[in-house]
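Everything on this sheet refers to the single structure shown next.
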Amino acid sequence: MRKLFAQAVVALSVAMPINAMAQTWDMPTPYSDKVFHTANIIEFANDIEAATNGTFKITVHSAGSLYKHPDIKNAVRSQQVPIGEFFLSRLSNEDAAFGVDSQPFVATSYADAEKLWAAQKPVVTELLAEQGLMPLFAVPWPPQGLYTKAEVANVAGLKGLKFRAYNAALEKFATLAGAAPTQVESPDIPQAFATGQVEAMITSPSTGVSSKSWDFVSTYTPINAWVPKNIVVVNKKAFDGLDAKTQAAILAAAKTAEARGWDMSRAETDAKTATLAENGMNVVEPSAELMDGLKAIGAEMQVDWNATASDAAKGIISAYSM
Ligand code: PCA
């Protein structure tokens, strides 16, 4: 008994200093644990915990469980939480620079997306700094494809469809295609289809799989329309309040997470498209007529984007096009 007690005291004294000193950050994210972005963020948290010998931990609250997606950016800004993830182009209402990765047919491959991010990152970093935020890393979703109940031959085939949207650009794209968009967060997709609120969507094969799209649509058309990103940001004051070693651990883990996330995303594209097919989805290449029609809508949107974009935002497109 005495020996047991002594052992317990030893165990405690070994464990205590670490636990007593461990600082924990809560991190809200919008997407479910089944999504590769979340898996990547959990690894990011583990890397930091390992690098700091357990003195610093990040608790990931996925699927909008701590803050709803639309509230995450402001929760970090107002220091309700020190760190969070969100879909970058959600902020396009604040500045067109945030939305450039969701403009149809501007960047449609990973190579283009990388080039676009290189041009976009400095502008976004400065805009976020004005709000006391600092980006840590950004990771793209696979190229966005079309989910419908039947094959779509041309843009006219989208007319009147109740369409799920996730940001302003997609809402506009759907509207210009003659569809009727509604904003639905990704965890709510199955419910929105089940209740008939929506009947078609544009999203990645990843989200097509995590939402089990085969339960409510039958056709996937990889139109590869854009490659939008999630971004992880910290509150700069919270970050500045950490010791230098922890800061360095976070920045190193962020760099690793960005590289790993892009690799995960590239691998997802084919893997998750195959999963869609395995579950009975008809995966069809888009017709030239459909693509021409969608690209014309994209071109129209780009004219509007330019009209509202600041010089810095327009500079992203010039740098990207060089
Ligand atoms: N999935 C997220 C954003 C883009 C994507 O591929 C969604 O559908 O909400």
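In listed order, ligands and their atoms are each counted from 1. In what follows, residues are counted from 1 in the order of the sequence shown.
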Return the closest protein heavy atom for atom 5 (C) of ligand 1 as residue, atom name and distance.
Thr203 OG1, 3.1 Å
So with a 6.0 Å cut-off around NZ of Lys255, is the heavy-atom count from everything else above 12?
no
How far apart are the C-alpha atoms of Phe86 and Asn230, what are their side-chain angles, what is the distance that settles it, and do they pass the side-chain contact (heavy atoms from CB on, under 4.5 Å) test?
CA-CA 5 Å; Phe86 54 87; Asn230 286 359; over 6 Å; no
Just wondering, do Gln302 and Phe105 contact through their side chains at under 4.5 Å, heavy atoms?
no
What protein heavy atom sits nearest atom 6 (O) of ligand 1, and how far off is it?
Ser204 OG, 2.6 Å
Run the numbers for me: atoms of ligand 1, each under 4.0 Å from some heavy atom of Gln144, listed by number.
4 (C), 5 (C), 6 (O)
Of His69, Met201, Arg164, which has the heavy atom at the shortest distance from atom 7 (C) of ligand 1?
Arg164
Interatomic distance, CD1@Ile42 vs OG@Ser62, rounded to 0.5 Å, equals 6.5 Å
Pairwise side-chain contact, Phe98 with Ser89, heavy-atom cut-off 4.5 Å (strictly under)
no
Look at ligand 1 and say whether Glu185 reaches it with a heavy atom at a distance under 4.0 Å.
no
Please write down residue, atom name and distance for the protein heavy atom closest to atom 1 (N) of ligand 1.
Thr207 OG1, 2.7 Å
Please say which of Gln183, Gln144, Glu171 ends up in a side-chain hydrogen bond (donor to acceptor under 3.5 Å, both in side chains) with Tyr166.
Gln144
Within the 4.0 Å heavy-atom cut-off, what His37 brings close to ligand 1 is neither
